[in-house]
Amino acid sequence: QVQLVESGGGLVQAGGSLRLSCAASGRTFSTYAMGWFRQTPGKEREFVAAINRSGRRTYYADSVKGRFTISRDNAKNTVYLQMNSLKPEDTAVYYCAAERLGSSWYYPQLTSYEYWGQGTQVTVSS
């Protein structure tokens, strides 16, 4: 089992920045590729960013490329999402997720992840 707890959400003006954190407990954190997703009411959860187990490879949705940065600190069992130049359309609940082990990981796919956090609200005002 892996428990994930997100933090760092809040209210920010357009153009501002936030850094989300996701702390993991349970089994060895470095065993898991990690992802960030977001969801708004009435819409499906969508991929934002992902990072492989070592942290050497990162992946981004086109909508956040160049503005968001995903990173991880395996010594601290934490994955981060630095969000810069925020836009009102970035408003959502953000979730971190840990890879489903034993299956082929495809980073933007919801079913590639087994464990999810409770989410943290990010609101960007115009």
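Hydrogens, waters and symmetry mates play no part in the numbers below; they use all other heavy atoms, side chains included.
- Here the side chains of Lys76 and Ser21 are not in contact, with every heavy-atom distance at 4.5 Å or above.
- A donor-acceptor distance shorter than 3.5 angstrom exists from the side chain of Arg67 to the backbone of Ser85, with no hydrogens or angles considered.
- For Phe37 and Tyr113, the ring centers sit closer than 6.0 Å to each other.
- Hydrophobic clustering of Ile, Leu, Val, Met, Phe, Trp and Tyr side chains at less than 4.5 Å, counting indirect connections, keeps Tyr59 apart from Tyr80.
- Linking Ile, Leu, Val, Met, Phe, Trp and Tyr residues whenever their side-chain heavy atoms come within less than 4.5 Å leaves Phe47 and Leu20 in two separate clusters.
- Judged by the 6.0 Å distance and 45° axis criteria, Arg53 is not positioned over the aromatic ring of Trp105.
- Side chains of Ile51 and Tyr107 form no contact here, defined as non-hydrogen atoms less than 4.5 Å apart.
- Looking at heavy atoms from C-beta onward, Glu6 lies in side-chain contact with Gln118 at the 4.5 angstrom threshold.
- Closest approach of Asn84 and Ser17 over heavy atoms only: OD1-OG, 2.9 Å.
- There is a path of hydrophobic side-chain contacts, each under 4.5 Å, that joins Val12 to Trp36.
- No continuous path of hydrophobic side-chain contacts links Tyr95 to Val48 [ILVMFWY only; heavy atoms under 4.5 Å].
- The distance from the CG atom of Asp90 to the OG1 atom of Thr123 is 11.0 Å, given to the nearest 0.5 Å.
- Follow the hydrophobic side-chain contacts under 4.5 Å out from Met34 and you reach Leu101 in the same cluster.
- For Arg100 (side chain) and Thr111 (main-chain N/O), a donor-acceptor pair under 3.5 Å exists by modelled atom type.
- The shortest distance between side-chain heavy atoms of Glu114 and Tyr32 does not fall below 4.5 Å.
- Of all heavy-atom pairs spanning Trp116 and Leu110, the tightest one is CH2-CD2, 3.4 Å.
- Rounding to the nearest 0.5 angstrom, the gap separating the OH atom in Tyr60 from the CG atom in Leu81 is 7.5 Å.
- When side chains are defined from C-beta on, Thr91 counts as touching Gln121, because their heavy atoms get closer than 4.5 Å.
- Across all their heavy atoms, Ser30 and Asn74 have their closest contact at CB-ND2, 3.5 Å.
- Using modelled atom types, one side-chain atom of Ser112 and one backbone atom of Tyr106 make a donor-acceptor pair closer than 3.5 Å.
- By the neighbour-count criterion of 12 heavy atoms within 6.0 Å, atom NZ of Lys43 is sparsely surrounded, having that number or fewer from other residues, nucleotides or ligands.
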